[in-house]
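Working notes, structure below.
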Amino acid sequence: HRTGKAEKCTFCFPRIEAGQPTRCSAPCVGRLRYIGLVLYDADRVLGAAATKDAQDLYEAQLGVFLDPHDPAIAAEAERQGMPHDWIEAAQRSPVYDLAVRHKVALPLHPEYRTLPMVWYIPPLSPVADVVHAAGYDAANPDHVFATIDALRIPIEYLANLFTAGKAETIRAVLRKLTAVRTMMRADQLGLPHDETLPASVGATRAELEHLYRLLAIAKYEERYVIPKA
């Protein structure tokens with residue numbers, strides 16, 4: 001407003017420093033944005049960015065992040081001067097949960113080796129549309145993924161955006177999201193449960209329920225966990 005020129009996003013740093021979400025996040029009617037703090041080992045960053053195979057960069061970046069729930073890591077962070085409320089915020093971080101714990105959020109173009117800290121969840125809705133059109137049972141994840149290559153947004157396109165072309169990672173994310181949708185639909189409609197469903201996507205029922213809560217019904221303070229400066 002002072003220069004009359006558009007400038008690059010500053011992540012609304014005056015708001016963030018006061019513990020408030022960015023201007024684009026707070027009014028988002030789609031509840032698409034989450035903000036949270038993650039702990040990482042700065043000494044691992046260069047090695048992760050130098051990973052030889054571009055398709056291994058996503059996993060390499062995950063290896064940089066530290067588990068805030070590990071008592072040893074929390075104690076060392078506090079010993080090095082990190083405020084206690086920052087450690088507590090890292091433990092409640094929705095970004096850590098989505099990217100590291102549940103592994104459904106992915107970095108944009110990891111092959112650029114910038115180790116981006118804005119992560120994206122691949123879209124699931126077109127899967128259900130394709131399934132319905134093909135006459136499959138949308139509640140059965142195996143039937144859903146029988147049509148995965150007919151998606152309006154091709155798996156290969158998503159893989160080129162988020163995993164340097166590694167389609168298996170995209171399939172794993174969409175399969176987990178489908179499992180959440182299937183499990184919660186069964187709960188809400190009183191349908192019988194497939195007890196093997198969580199294990200088939202590398203999760204427990206409690207983890208899928210937590211992911212559902214985070215993605216579907218999380219409240220304001222759960223989506224924006226921002227410690228003050």
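Contact check for Arg205 versus Met183: side-chain heavy atoms found under the 4.5 Å cut-off. Using a 4.5 Å heavy-atom threshold, the side chains of Cys28 and Arg33 count as touching. Thr196 is not listed as a side-chain neighbour of Ser200, based on a closest heavy-atom distance of 4.5 Å or more. In this structure, Val118 and Tyr120 have side chains that are in contact, with non-hydrogen atoms separated by less than 4.5 Å. With contacts defined as side-chain heavy-atom distances shorter than 4.5 Å, the pair Tyr34/Leu214 qualifies. Counting heavy atoms from C-beta outward, Gln80 and Glu76 have side chains that approach closer than 4.5 Å. The closest side-chain heavy-atom distance from Leu215 to Leu98 is below 4.5 Å.
Nearest heavy atoms, Ala179 versus Leu208: CB-CD1, 4.2 Å. For the residue pair Val100 and Lys103, the shortest heavy atom distance occurs at O-CG, 3.4 Å. Heavy atoms only, all atoms of each residue included: Ala49 and Leu57 are closest at O-CD2, 4.0 Å. Taking each heavy atom of Asp43 and Asp41 in turn, the nearest pair found is N-OD1, 2.9 Å. What you find for Pro122 and Leu177 is that their closest heavy atoms are O-CD1, 3.8 Å. Of all non-hydrogen atoms in Thr163 and Lys166, the two that sit nearest each other are OG1-O, 2.8 Å.
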Let's go through Ile35 and Thr22 carefully: what are the C-alpha distance in whole Å and the side-chain angles of both, what is the deciding distance for side-chain contact (heavy atoms from CB on, under 4.5 Å) to 0.1 Å, and is it a yes or a no? CA-CA 9 Å; Ile35 300 174; Thr22 60; 3.9 Å; yes
Begin from the C-alpha positions of Glu168 and Arg171 and carry the test salt bridge (charged side-chain N to carboxylate O under 4.0 Å, His left out) through to its verdict. CA-CA 5 Å; Glu168 292 82 1; Arg171 286 190 172 91; 5.6 Å; no
Where do Leu106 and Leu161 land on the side-chain contact (heavy atoms from CB on, under 4.5 Å) test, with the steps shown first? CA-CA 9 Å; Leu106 303 170; Leu161 282 177; over 6 Å; no
Would Val38 and Tyr96 satisfy side-chain contact (heavy atoms from CB on, under 4.5 Å), going step by step from the backbone distance to the final call? CA-CA 6 Å; Val38 294; Tyr96 178 86; 4.0 Å; yes
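Taken together through direct or relayed side-chain contacts under 4.5 Å among Ile, Leu, Val, Met, Phe, Trp and Tyr, Phe11 and Trp86 form parts of separate hydrophobic clusters. Val225 and Leu66 fall into different hydrophobic clusters, where Ile, Leu, Val, Met, Phe, Trp and Tyr residues are linked whenever their side-chain heavy atoms come under 4.5 Å apart, directly or through other members. Ile226 and Ile87 are not part of a single hydrophobic cluster, where members link through side-chain heavy atoms under 4.5 Å apart. Grouping the Ile, Leu, Val, Met, Phe, Trp and Tyr side chains by contacts below 4.5 angstrom, directly or via other members, places Leu211 with Leu62. Tracing side-chain contacts under 4.5 Å through hydrophobic residues (I, L, V, M, F, W, Y), one reaches Val173 starting from Phe162; they form part of the same cluster.
Heavy atoms from other residues, nucleotides or ligands lying under 6.0 Å from CZ of Phe65 number more than 12. Annotation for Ile217: atom CD1 counts as buried by contact number, over 12 foreign heavy atoms lying within 6.0 Å. Counting heavy-atom neighbours within 6.0 Å of His84 NE2, excluding the residue itself, gives a total of 12 or less. The 12-atom threshold is exceeded at CZ of Arg31, counting heavy atoms of other residues, nucleotides or ligands nearer than 6.0 Å.
At least one donor-acceptor pair under 3.5 Å links the side chain of Gln61 to the backbone N or O of Pro116. Between the side chain of Arg44 and the backbone N or O of Gly63 there is at least one donor-acceptor pair closer than 3.5 Å. Ser93 places a side-chain N or O within 3.5 Å of a backbone atom of Val95 that can act as its donor or acceptor partner. At least one donor-acceptor pair closer than 3.5 Å links the side chain of Glu207 to the backbone N or O of Thr204.
A distance of 11.0 Å separates CG of Leu174 from OG1 of Thr169, quoted to the nearest 0.5 Å. Taken from CZ in Arg23 to CD in Gln20, the straight-line distance is 7.5 Å, to the nearest 0.5 Å. Between Ile16 atom CD1 and Phe13 atom CZ the span is 11.0 Å, to the nearest 0.5 Å. Atom CZ of residue Arg175 and atom OG1 of residue Thr182 lie 9.5 Å apart, to the nearest 0.5 angstrom. In this structure, the separation between CD on Gln91 and CD1 on Ile73 is 10.5 Å, given to the nearest 0.5 Å. Taken from CZ in Arg113 to OG1 in Thr51, the straight-line distance is 7.0 Å, to the nearest 0.5 Å.
For Arg92 and Glu222, the salt-bridge test fails: no basic side-chain N is under 4.0 Å from an acidic carboxylate O. Remark: Asp97 does not engage Arg213 in a salt bridge, criterion side-chain N to carboxylate O under 4.0 Å.
For residues 201-226, the ring pair (Phe, Tyr, Trp, His ring centres under 6.0 Å) pairs, not counting sequence neighbours, are His102-His210, Tyr220-Tyr224.
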